[in-house]
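Below is one structure, written out as structure tokens; comments come after it.
We number each residue from 1, following the sequence as shown. Counting starts at 1 for both ligands and their atoms, in listed order. Predicted model, so just to flag it, every value in this text is computed and none were measured.
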Amino acid sequence: MYWNKDIETLDRDGLEKMQLALLRKTVEQAGHSPYYQLLFQQEGIAPDTIKGLDDIRRIPFITKDTLREHYPYGFLAVPRGQIVRMHSSSGTTGRATVIFHTARDIDEWAGLVARCMYMTGVRPDDVFQNMMGYGLFTGGLGFHYGAEKLGAMVIPAGAGNSKRQIMLMQEFDATVIHIIPSYGLHLVETFRTMGIDPHKDLKLRIAFIGAEPHTEETRQRIEQAYGVKAYNSYGLSEMNGPGVAFECPCQNGLHTWEDSYILEVIDPATLEPVPDGVEGELVFTSLRREGMPLLRYRTRDLAFVYPEPCPCGRTHRRISRIKGRTDDMLIVKGVNMFPIQIEKALMAIPEVGSNFQIILDTIDDNDFMTVKAEIRAEMFTGDLKHLESVRKRIIDDLRSELLVTPRVELVEPDTLPKSEGKAVRVFDNRKQWG
Ligand code: AMP
Ligand code: ZN
């Protein structure tokens, strides 16, 4: 059940020793990049000044802005000729950042993804349909190379083209899929219109869902509709992409691969570490990258570390499901909320379909929130008026989840715009003050 038992179950002491040795190597390697060369000179940092893991705290944090300021090559730590590939972040917030990989980096990354897939039960005789965008986005190629390393047969389907996706699954007996959760929910509608029952007509058993925040309710919907076990996959292009943290068969938290990354969780306001169990911003240091090592990268992703060891025997610490990014937080009528809270309330209501929007306006100088939710096709009789009780229930559930009362509008199935990539849910039309 382990891809690499020695590493996955290494005791904490052994893991920390390994991390320290790799951190020193990473400091040495990063020192070849223009950015770190200057920084380390200014701060007096060198491999031999890193005596313990706590010394990482002498190294300043970096953010997306730091990467942008030194775009494109300021963090490159090898001659350009040694780079074999670039990727970029999805760029949902401002200019995308780019990451460069050597051949060894790509191989290490594929090994991590293979480890994740193997952990959930994927084996060489599986047929893996990768429904993530291929290209600059890391979800496609990242999983592709991991699955090939594991030895599974890959169908590089890419994103979108729902009918073809389903035909591929059916004709080639796909057993494992990788899909963005919001798109996974849309595809359920396509199954229905094509008259396909995944439980009877397909051979699927495992789904990997990731690349965007999603709730336990969404996972359950996907598991039920497809007849699979769905595992949460977390990663970010700055740390390669997928393969940073992944759910094991216990489906309770995501193991962060600490032989390849140092994980810190900080309070985003004070930048001080928070204890296990307390939510904070995830900060990662890459430990095995040579092309573009990054130290203490602030992800803006919010999660907490589970204090207890995992029953599966892996010693690498688990993070919780991501609640959202610090910059996704909405302040409505002075109340802080995350889009995922709205998803949680909506997806728990069986009459609600897969797609929804959150629209914010300013009316008479006040915040005004509208939630538009699609009705599930099976529940739709052609008349929205019969669904008044559902609408009221949504308002009540949202009020108790958010402490703000939104206006709720129900819309017919399959009418809100869909995204093949990460879902766009929030439309903030409010007046910007100051
Ligand atoms: P990218 O720019 O494409 O590298 O996207 C990375 C970001 O996607 C992360 O920093 C997270 O905000 C988000 N993300 C990736 N995987 C997950 C996941 N499983 N759950 C929640 N958010 C995720
Ligand atoms: Zn586990």
Side-chain angles (χ1 to χ4, degrees), residues 1-3 5 8-9 63-64 67-68 86-99 109 113 115-116 118-121 132-143 159 178-182 184 207-216 218-219 222 230-258 261 263 281-284 294 297-303 305-306 308-329 338-340 343 421-425:
M1 75 188 240
Y2 301 106
W3 176 254
K5 183 162 193 242
E8 290 170 55
T9 62
T63 64
K64 252 193 197 325
L67 296 179
R68 285 185 187 125
M86 70 174 260
H87 275 289
S88 89
S89 64
S90 304
T92 40
T93 49
R95 184 189 211 170
T97 52
V98 284
I99 305 293
W109 178 18
V113 175
R115 185 195 294 179
C116 297
Y118 196 88
M119 168 166 76
T120 65
M132 290 275 175
Y134 276 67
L136 287 169
F137 176 53
T138 56
L141 287 167
F143 259 85
H178 179 209
I179 193 163
I180 292 190
S182 52
F208 300 124
I209 53 174
E212 66 182 8
H214 56 282
T215 55
E216 181 58 32
T218 292
R219 185 233 294 275
I222 290 176
Y231 296 95
N232 192 347
S233 157
Y234 170 80
L236 60 158
S237 49
E238 291 81 359
M239 290 294 134
N240 294 340
V244 176
F246 216 87
E247 269 179 342
C248 68
C250 305
Q251 286 187 309
N252 186 21
L254 294 80
H255 289 284
T256 303
W257 298 126
E258 293 181 279
Y261 302 97
L263 164 66
E281 177 178 351
L282 304 179
V283 174
F284 287 103
L294 295 180
Y297 177 72
R298 286 182 60 185
T299 62
R300 305 192 228 182
D301 292 327
L302 296 170
V305 167
Y306 282 89
E308 322 79 35
C310 187
C312 79
R314 291 178 182 81
T315 49
H316 301 236
R317 288 181 303 161
R318 285 169 299 159
I319 54 169
S320 66
R321 178 181 286 295
I322 307 286
K323 174 172 165 194
R325 298 165 59 88
T326 46
D327 39 9
D328 284 344
M329 192 178 79
F338 283 89
I340 204 165
E343 177 183 313
K422 304 190 187 211
V424 183
R425 304 265 194 223

Would E212 and S182 count as a side chain to side chain contact (heavy atoms under 4.5 Å, CB included) here? Give the steps. CA-CA 8 Å; E212 66 182 8; S182 52; 2.6 Å; yes

Which parts of the protein, at residue level, reach under 4.0 Å of ligand 1 through a heavy atom? S89, S90, F137, G210, A211, E212, P213, N232, S233, Y234, G235, L236, S237, D301, I322, R325, K422

Sequence neighbours left out, what pairs pass salt bridge (Lys or Arg N to Asp or Glu O under 4.0 Å) with at least one residue falling in residues 230-255? K64-E238, R219-E247

Angle class for the H87/W109 ring planes (parallel below 30°, perpendicular above 60°, tilted otherwise)? perpendicular

To the nearest 0.5 Å, what is the distance between CG (L136) and OG (S89)? 9.5 Å

Give a yes or no on whether a salt bridge exists between E281 and R300, defined as a side-chain N under 4.0 angstrom from a carboxylate O. no

In total, how many protein N/O/S atoms does one find closer than 2.8 Å to the Zn ion (ligand 2)? 4

Residues at least two apart in sequence or cross-chain that pass ring pair (Phe, Tyr, Trp, His ring centres under 6.0 Å) with Y134, listed by chain then number, are H144

What pair of heavy atoms forms the shortest contact from Y118 to Y2, and how long is it? CE2-O, 3.5 Å

Among E8, E258, H255, find the residue that satisfies the side-chain hydrogen bond (donor to acceptor under 3.5 Å, both in side chains) test when tested with R314. E8

So OG1 of T120 and CZ of F208: to nearest 0.5 Å the spacing works out to 3.5 Å

